[in-house]
Amino acid sequence: MRPLTFRLIAIITSLALIGVIFTQSFWVKNAIKHQEEQFNAKVKIALKTVANQLFDLKSDSLQREAYYCQETCTLNISGMFTPKFAVALDSLICVEFNCMGLHKEYIYGLYNEKGIILPEQNAGNFELIKNSRHNISLSCIHRSGGLHLGVYFYNQRGIVMRQLAGWIVLSVIFTLTVIISYTLTVLSFLRQKKLSEMKSDFVSNMTHEFKTPISTISLASEMLTKPQVVNDADKVKKYAAMIYNENTRLKNQVEHVLQVTAFEEQRITLNYESLDLFEALKMVGDVFDLYARESGGKVVFDNQATVKKIYTDKIHFTNVVSNLLENAVKYASPSPVIRLEARDHTFRGGNGVLISVSDNGPGISPEYQRHIFKKFYRIPTGNRHDVKGFGLGLYYVKTIAALHGGWVQINSQPGKGSRFSVFFPEK
Ligand code: ADP
């Protein structure tokens, strides 16, 4: 996909996602409002039914005497009700509110402008009940007393939210799932894109790297077919050596690529054996000392490790050290001064050996340090392609160290050289 198309799709999808979140919150807000209105309507109906029933009690001549004391009512309103009235009011409210699905999370009061008349225990909550939105006039049972019945819910918003909790939770879960999946998709796409860019860099690098030895071999072998060269032993030797060297270079490069392909296909198995640490390091160190000397430098080997034998895969262990030394020679040239060191090291309670390769090269700035162990990664050098490579060496080192249960780390500062340390635990 072209970058512009991807950016366009990402922008449109992000906007659509914001739209979905916005619509979702609008619907949730609306649902809460609607539920609240429904709640208020239910309370209103329950209160009206209670008032009607109180009126029925008063209208019924048989019942009236049991609930109302008619003589005192004009003098003192609280004296107008019998104790039986208080019980009847309580049970009427309880039954009606239960019927409406409104459970006991409220206080009620029969009041006039002076205060709560019934029930007495709610006298202290006069202000709450009076100012509550759920009030009804009881002028039907006492015309001149300014009598009201009020109900106050302690946590009306909470009750409403509880009724909608299931839907709200589901809506939040689905919205979050969509956001997370979208983010993961975009991240994975970007990762794939980066990998594909790195792969195409790798292919162009590889082609470049193979082209030189192939054309040198081709030229040298063509020369060997010429009669004037065939008769000159020195020239034959020179061209044969050229072919041999370039072929070795090609072989090493193919080996490199094959190693990494083997990783990708999970074909790598370590063949552990007991290895003489000093000998193994000395051998690799000596080879790279020769290369370094060609560029006017040297490799100094310093073995401080008390460990004599290391239990490892010989080939991969040697490749790891070679890769680090090869990089040191490559990047610190001309005049690479390299130190190959080995010493005892303890990591998380386990003993092992720490092998370090330090150089006097250009160093690596912190922003690149966390990337250099990634597959195909090469530090950008602009248009300069003076140091050849595939970006696989350090990836290989890291993978092999991890397969041994160890690790690799870098200490480097631009302009002050680099130091790569690999830890191999004792088996
Ligand atoms: P390459 O084949 O490109 O050398 P590596 O995986 O070995 O691949 O290294 C990755 C990158 O890390 C290199 O492109 C280089 O920029 C940087 N690098 C590795 N070793 C050194 C070093 N000793 N000094 C400076 N830069 C280094």
Side-chain angles (χ1 to χ4, degrees), residues 194-195 197-213 249-264 284-285 287-289 291-292 295-301 316-341 355-403 407-422:
K194 182 109 190 107
L195 198 67
E197 278 167 13
M198 283 170 145
K199 274 190 177 163
S200 54
D201 275 0
F202 166 72
V203 171
S204 76
N205 262 339
M206 197 170 66
T207 323
H208 211 78
E209 291 266 305
F210 286 169
K211 239 161 82 183
T212 322
R249 228 171 94 183
L250 268 180
K251 207 178 102 203
N252 287 342
Q253 277 162 0
V254 170
E255 194 61 38
H256 244 92
V257 178
L258 285 182
Q259 278 167 3
V260 177
T261 321
F263 282 145
E264 289 218 315
V284 192
V287 171
F288 283 92
D289 186 45
Y291 287 128
S295 315
K298 60 180 173 181
V299 174
V300 179
F301 176 40
H316 288 299
F317 176 82
T318 317
N319 283 344
V320 163
V321 184
S322 301
N323 280 359
L324 295 179
L325 285 170
E326 190 185 328
N327 277 351
V329 175
K330 254 181 5 182
Y331 295 103
S333 286
S335 310
V337 178
I338 299 160
R339 275 185 79 79
L340 170 63
E341 295 169 272
I355 297 163
S356 325
V357 174
S358 336
D359 63 52
N360 60 338
I364 299 171
S365 75
E367 61 180 299
Y368 295 127
Q369 287 182 15
R370 60 199 177 96
H371 297 298
I372 54 173
F373 297 101
K374 290 180 188 163
K375 201 186 326 176
F376 302 130
Y377 187 83
R378 303 202 73 213
I379 296 176
T381 51
N383 287 332
R384 260 180 44 233
H385 295 291
D386 45 354
V387 184
K388 304 271 183 284
F390 297 133
L392 292 173
L394 291 179
Y395 170 69
Y396 175 83
V397 171
K398 186 181 168 195
T399 316
I400 291 295
L403 280 175
W407 42 258
V408 56
Q409 71 177 34
I410 176 180
N411 292 312
S412 180
Q413 269 184 39
K416 294 197 175 159
S418 311
R419 178 189 180 90
F420 287 89
S421 308
V422 199

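Read the numbers this way: they start at 1 and go in the same order the structure lists the ligands and their atoms. All of these numbers come straight from a predicted model, not from anything done at the bench.
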Quick check: does any side chain N or O of Q369 sit under 3.5 Å from a backbone N or O of I364, one acting as donor and the other as acceptor?
yes
Is there side-chain contact between N319 and I400, with heavy atoms separated by less than 4.5 Å?
no
List, ordered by chain and residue number, the protein residues whose closest non-hydrogen atom lies under 4.0 Å from any atom of ligand 1.
N327, K330, Y331, D359, I364, I372, Y377, R378, I379, G389, F390, G391, L392, G393, L394, S418, F420
With sequence neighbours excluded, tell me which residues meet salt bridge (charged side-chain N to carboxylate O under 4.0 Å, His left out) with R419.
E341
Considering residues at least two apart in sequence or located in another chain, which fulfil the ring-ring contact (aromatic ring centres under 6.0 Å, His included) criterion with F390?
F202
ring-ring contact (aromatic ring centres under 6.0 Å, His included) with F317: which residues, sequence neighbours excluded?
F424
Would you kindly say whether Y396 and N323 are connected by a side-chain donor-acceptor distance under 3.5 Å?
no
